[in-house]
2 protein chains.
Amino acid sequence: MPSNAALPPDKVPDNLDSPDSLARKPPGKRTPDKIQITQTLADSAFERLRNAIIKGELPPGSKVNEPLLSKQYGISRGPLREAIRRLAGSKLVEIKPNSGAKVISLNKSQAIEIYQIRESLEGLACRLAAAHANAEHCHGLRELLANHEAQIQAENWAQYYQEAGDWDFHYQIVELSGNARLFSLLCDDLYDLLRLYRVQTSGQPQRPERAFKEHHQIVDAIEANDGELAELLMRRHISNARQTLVRQLES
Amino acid sequence: MPSNAALPPDKVPDNLDSPDSLARKPPGKRTPDKIQITQTLADSAFERLRNAIIKGELPPGSKVNEPLLSKQYGISRGPLREAIRRLAGSKLVEIKPNSGAKVISLNKSQAIEIYQIRESLEGLACRLAAAHANAEHCHGLRELLANHEAQIQAENWAQYYQEAGDWDFHYQIVELSGNARLFSLLCDDLYDLLRLYRVQTSGQPQRPERAFKEHHQIVDAIEANDGELAELLMRRHISNARQTLVRQLES
DNA sequence: AACTTAATTTGTGTCGACAATATGCCAAGC
DNA sequence: GCTTGGCATATTGTCGACACAAATTAAGTT
């Protein structure tokens, strides 16, 4: 329950999960509903597709079949195609002319590229966060870490939640940076790609206790408004994960 | 003529500039052309729209009128809409449901956000470039700078070319980093946004001689394979530009 | 039996038409 | 004079149909 505290609205798991149709009007009929969320079918399809990809329901490399999905979602191909193009714009699918869209598939070296970028960008986020953070913010971070720790102690929590806790921490830091573009870039684009890669490789071994300690050090630096140190620690923190990947690559 | 040396293929100004229609087949007729570039109408429209936006033909904040553009481009609204969604995915336009797409408009603080990101990312690019660069690469960079300098000396060159030289330099550095994702992120996404901002503010005063000296220092560091220094210099280089912006913001 | 070629099927690209919503304009009322 | 309401228009959202390309299956020849 504490897990999606820092998640942006469109990231919270859709519990309502309407069985299938997200159409607001059956093709020919009128729409008697007065209350209706003013959202395009293409928008809904976009989010839905995105979730499907991130959760691995549409595995990396698989083709995105328009007629099939349009039937599944209960909409026509038009809005669906628009959703797919938007996904292409954020690099989650690749479109080959006359042959359709495939879900992007990352190899290790591509994942490493992303980690390099993430290292640089989250370092920046940390530096900015240290400049902006007040006592209240730091308290929030501590609380998050405490929850996270409790979950790890309980041990029987699914790995999913443990991982979610990790994401929460990074989300919150980036949000604290105050740089909206940076938030969008990391949280809306890059994190998705990494999640996708983890799904693909069914998760590399976690190292919770070590990561946990590093998180605490980072908050310490932010609390002390030491931007330089915070940046350094975060970069090192992510660099560790990256080097784990590199080692896997070499072996 | 040396100016688009480092530009990726889709950045080179479309000189052919086919008068208007990019349709490959008049709606009902056959297509007698055997030789035809296998590219979707939506793809062409995407590039064309993107260029129009970057060049300022579609000024920031202006509405993207579907019927008008579809007539201008000689295609139907379907492919055009797909192109617009793709632009939305890379954040060049904003779509408001039931109200259409507007070209994105950056204010100064948003531009500063982007500069912060760019600073971090190009610093990374420089560090990586220093690790990869060999003598040949460095020679290429020197040559680029020499051309650039010659243009500045000539003085009567349009500012356009002078600016292009600056972009070329940064393109080449990022390319040298060897990180394809980083290249795409900077050159395909962020640079466009900054170009757009410059169009919007009709270009802040240039400082060619200073920037030029800094470029040389950066190449020196890369040549010496001193990644740390190269990163530092590039970050400072971009930070200078950013702080110019900040000063403008305060005044 | 294997290979090439023809036919069928599946899927993508494009269009035009219609419904739903927003936008602009004009008149009526305070 | 200004605001408010309602009408006409323009624009967006969605759909179904069709043309073309790719993939798959079937057929025919050596």
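In what follows, chains carry the letters A, B, and so on, assigned in the order in which the sequence lines appear, proteins first and then strands, with residues in each chain numbered from 1.
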Quick one: which of [options] gets closest to the side chain of [X]?
X: B:Thr40; options: C:dT14, D:dG13, D:dC15; answer: C:dT14
X: B:Ser99; options: C:dG11, C:dT23, D:dG16; answer: C:dT23
X: A:Pro67; options: C:dC15, D:dT11, C:dG11; answer: C:dG11

Inset, instruction - Report yes or no: does B:Ser177 contribute a side-chain atom to a donor-acceptor pair with the main-chain N or O of B:Ile173 at less than 3.5 Å? - result: no
Legend entry - Main-chain N/O of B:Ala101 paired with B:Glu94 side-chain donor or acceptor, under 3.5 Å: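 Not at all, since once roles are kept as given, no pair shorter than 3.5 Å links the two residues.
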Inset, instruction - With heavy atoms under 4.0 Å as the rule, sort B:Gly78 into base, sugar-phosphate or nothing. - result: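 Nothing, no heavy atom under 4.0 Å.
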Inset, instruction - Look at B:Arg50 together with B:Asp192 and state whether they make a salt bridge at an N to O cut-off of under 4.0 Å. - result: yes
Expressed in angstrom and rounded to an integer, what is the separation of [X] atom [atom1] from [N] atom [atom2]?
X: A:Ile75; N: C:dA19; atom1: CD1; atom2: P; answer: 20 Å
X: B:Asp43; N: C:dG13; atom1: CG; atom2: P; answer: 8 Å
X: B:Gln39; N: C:dT12; atom1: CD; atom2: P; answer: 19 Å
X: B:Ile84; N: D:dT11; atom1: CD1; atom2: P; answer: 13 Å
X: A:Asn65; N: D:dA23; atom1: CG; atom2: C1'; answer: 13 Å
X: B:Leu80; N: D:dG13; atom1: CG; atom2: C1'; answer: 14 Å
X: A:Tyr73; N: D:dT14; atom1: OH; atom2: C1'; answer: 18 Å
X: A:Glu66; N: D:dC15; atom1: CD; atom2: C1'; answer: 14 Å

With a cut-off of less than 4.0 Å, is there a side-chain N or O of [X] near OP1 or OP2 of [N]?
X: B:Arg77; N: D:dT12; value: no
X: A:Arg81; N: D:dC15; value: no
X: A:Lys63; N: D:dA23; value: no
X: B:Asn98; N: D:dT11; value: no

Inset, instruction - Check each of A:Tyr197, A:Phe183, A:Trp167 against A:Tyr191 using the ring-ring contact (aromatic ring centres under 6.0 Å, His included) test, and report the only one that passes. - result: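 The residue from A:Tyr197, A:Phe183, A:Trp167 that satisfies ring-ring contact (aromatic ring centres under 6.0 Å, His included) with A:Tyr191 turns out to be A:Trp167.
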Legend entry - Comparing A:Lys96 and B:Arg85 on DNA chain D - which has the more 5′ nearest nucleotide: B:Arg85
Legend entry - Shortest non-hydrogen separation from B:Glu113 to A:Gly178 and the atoms involved: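 Nearest pair, atom of B:Glu113 first, then A:Gly178: OE2-O, 3.6 Å.
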